[in-house]
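Everything below concerns the one structure shown next.
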Amino acid sequence: MSTIISMLEDDEAAFTKADRKVVRVLAMDYPRAGLQTVAQIAEQAGTSGPSVIRLVRKLGFDGFAAFQDQLLQELGDRLASPFSQINDWTLPASAPSASSSVETTSPSQLVLIHFIKELQRSFAQLRDPELDAVARMLLQPRRRVFTLGGRYSHLLADYLASHLHQFRTGALALPRGEIERLESLVDLRKDDVLIVFDYRRYDEDVRHFCEQARDRRASIVLMTDNYGSPILPLASHVLSVSVSGPSPFDSLVPALALVETLIARVTALSEGQAIPRIATIDALRRSLAPGDNG
């Protein structure tokens with residue numbers, strides 16, 4: 001099931017001027033804004049109630065009630081914890097295989113099937129122009145790049161920063177500690193790029209940091225899930241993926257695949273400009289005594 005926020009992004013080209021006014025209101029405080037009355041949304045958008053209903057129908061809903069029903073379902077999914085999901089979760093021991101004459105599929109194959117489906121789902125919604133815009137931004141030497149993640153997603157932030165460091169100077173993963181992270185705001189300046197990883201059960205401290213980074217006119221790139229992080233209104237670019245896992249816990253597999261894709265685009269668009277830097281780094285590694293290079 002597509003989330004409403006992804007519909008608002010994917011159908012942008014088909015929206016009228018009045019539609020875009022409503023979309024702006026819904027996206028700026030998603031999903032809470034959509035749980036208001038039609039009149040309240042119309043007033044905030046500076047448009048009419050019928051304009052709100054027309055947009056809802058354009059998104060494929062029979063009416064405003066159906067639109068809000070999906071928002072409520074998304075809100076429940078968005079806040080779901082492993083504890084709340086564990087009673088509903090089951091992974092069958094085996095299942096019929098549609099691709100072979102074998103009657104059953106092993107547990108490991110079921111997990112593989114799940115990941116293939118979620119990867120396909122994630123990449124189907126990936127917009128290449130948005131991906132390339134982010135990759136080109138990361139290659140601009142005048143713009144320093146900082147990465148930031150949450151409890152688990154800091155692993156992705158560290159991973160991306162480590163790769164970017166081989167392409168350019170001024171690429172750094174921010175510290176995990178809240179106090180140390182806030183102190184780094186002192187050095188943040190206009191045109192710096194902050195790449196933020198924020199997934200379901202979103203990190204309030206990370207959102208607070210992003211608000212202050214935006215006040216300092218840094219550009220925010222948000223890596224998030226289909227449900228839409230609260231940081232969404234602060235971001236100039238958004239890349240989202242599925243977080244559905246083969247267990248009660250969310251998965252970062254599609255998110256890691258997206259990071260790898262971004263690295264691949266940075267590599268391609270750099271057109272070899274980073275080769276001298278990478279060669280120097282490689283020579284320094286080889287200069288270490290045997291056994292010292294990890």
Side-chain angles (χ1 to χ4, degrees), residues 1-80 84-85 88 114 117-134 196 198-202 207 210 214 220-244 250 254-255 258:
M1 178 186 70
S2 296
T3 58
I4 290 174
I5 192 65
S6 65
M7 295 178 193
L8 296 176
E9 293 173 351
D10 294 343
D11 297 339
E12 185 177 359
F15 292 149
T16 65
K17 185 177 180 179
D19 290 338
R20 291 191 181 97
K21 290 181 179 180
V22 179
V23 168
R24 193 175 302 114
V25 169
L26 295 175
M28 284 296 289
D29 190 16
Y30 184 83
R32 186 172 60 179
L35 298 175
Q36 302 177 99
T37 66
V38 171
Q40 288 172 325
I41 296 172
E43 181 181 0
Q44 292 176 31
T47 186
S48 65
S51 294
V52 176
I53 298 300
R54 277 195 298 270
L55 173 66
V56 165
R57 293 189 181 279
K58 190 175 289 187
L59 294 175
F61 296 97
D62 293 335
F64 193 69
F67 168 79
Q68 289 195 321
D69 283 345
Q70 178 162 332
L71 275 180
L72 288 170
Q73 181 179 340
E74 287 183 23
L75 186 60
D77 292 340
R78 190 183 192 194
L79 300 176
S84 65
Q85 296 181 98
D88 298 327
H114 173 88
K117 181 183 72 173
E118 296 307 321
L119 284 165
Q120 289 174 334
R121 176 184 172 194
S122 296
F123 277 73
Q125 70 188 21
L126 181 61
R127 294 179 292 173
D128 287 336
E130 185 82 343
L131 178 71
D132 279 5
V134 173
V196 185
D198 194 39
Y199 300 95
R200 187 161 62 173
R201 289 174 297 283
Y202 312 98
R207 183 189 63 79
C210 288
R214 184 63 179 270
I220 296 175
V221 175
L222 175 62
M223 313 286 275
T224 189
D225 53 51
N226 296 325
Y227 301 107
S229 158
I231 297 168
L232 190 67
L234 304 173
S236 56
H237 296 283
V238 180
L239 298 172
S240 59
V241 294
S242 167
V243 291
S244 173
D250 287 346
L258 178 56

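Residues take their numbers from the sequence shown, with the count starting at 1.
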Where do [X] and [Y] come nearest, in terms of heavy atoms and distance?
| X | Y | value |
| --- | --- | --- |
| Ser51 | Asp19 | O-OD1, 4.4 Å |
| Gly49 | Ala42 | N-CB, 3.7 Å |
| Thr47 | Ala18 | OG1-CB, 4.2 Å |
| Val25 | Ala33 | O-CB, 3.5 Å |

Atom [atom1] in [X], atom [atom2] in [Y]: separation rounded to 0.5 Å?
| X | Y | atom1 | atom2 | result |
| --- | --- | --- | --- | --- |
| Glu118 | Arg121 | CD | CZ | 5.0 Å |
| Tyr199 | Ser242 | OH | OG | 11.0 Å |
| Ile4 | Gln70 | CD1 | CD | 4.5 Å |
| His237 | Arg127 | NE2 | CZ | 10.5 Å |

A side-chain contact here means heavy atoms from C-beta on lying under 4.5 Å apart; do [X] and [Y] qualify?
| X | Y | answer |
| --- | --- | --- |
| Ser244 | His114 | yes |
| Tyr202 | Ile231 | no |
| Val22 | Phe15 | no |
| Phe64 | Thr37 | no |

Partners of Phe61 by ring-ring contact (aromatic ring centres under 6.0 Å, His included), sequence neighbours excluded?
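Phe61 satisfies ring-ring contact (aromatic ring centres under 6.0 Å, His included) with Phe67 once adjacent residues are dropped.
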Run Arg214 and Ile220 through side chain to side chain contact (heavy atoms under 4.5 Å, CB included) and show every step you take.
CA-CA 7 Å; Arg214 184 63 179 270; Ile220 296 175; 4.1 Å; yes
Exam field: side chain Glu130 to backbone Val238, donor-acceptor pair closer than 3.5 Å:
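Looks like yes, one N/O pair under 3.5 Å.
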Measure from the side-chain N and O atoms of Gln68 to the backbone N and O of Gln36, and report whether any donor-acceptor pair falls under 3.5 Å.
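Side chain of Gln68 to backbone of Gln36: a pair is present.
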For Asp69, enumerate each residue passing the salt bridge (charged side-chain N to carboxylate O under 4.0 Å, His left out) test, keeping only those at least two apart in sequence or located in another chain.
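Testing Asp69 for salt bridge (charged side-chain N to carboxylate O under 4.0 Å, His left out), a comparison that skips the adjacent residues, returns none.
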Does the side chain to side chain contact (heavy atoms under 4.5 Å, CB included) test come out yes or no for Lys58 and Thr16, once each step is laid out?
CA-CA 11 Å; Lys58 190 175 289 187; Thr16 65; 3.9 Å; yes
So, are Asp225 and Arg200 salt-bridged, with charged N and O less than 4.0 Å apart?
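The answer is no: the pair does not qualify as a salt bridge.
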With sequence neighbours left out, write down each residue that passes side-chain hydrogen bond (donor to acceptor under 3.5 Å, both in side chains) with Glu43, or none if nothing qualifies.
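Glu43 satisfies side-chain hydrogen bond (donor to acceptor under 3.5 Å, both in side chains) with no other residue.
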Identified side-chain contact (heavy atoms from CB on, under 4.5 Å) counterpart of Ile5 within the set Thr224, Leu26, Leu232:
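So the option named by the test is Leu232.
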Derivation and outcome, side chain to side chain contact (heavy atoms under 4.5 Å, CB included), residues Asn226 and Gln125:
CA-CA 10 Å; Asn226 296 325; Gln125 70 188 21; 2.6 Å; yes
Applying side chain to side chain contact (heavy atoms under 4.5 Å, CB included) to Ser229 and Leu222, what does each step give before you reach the verdict?
CA-CA 8 Å; Ser229 158; Leu222 175 62; 4.0 Å; yes
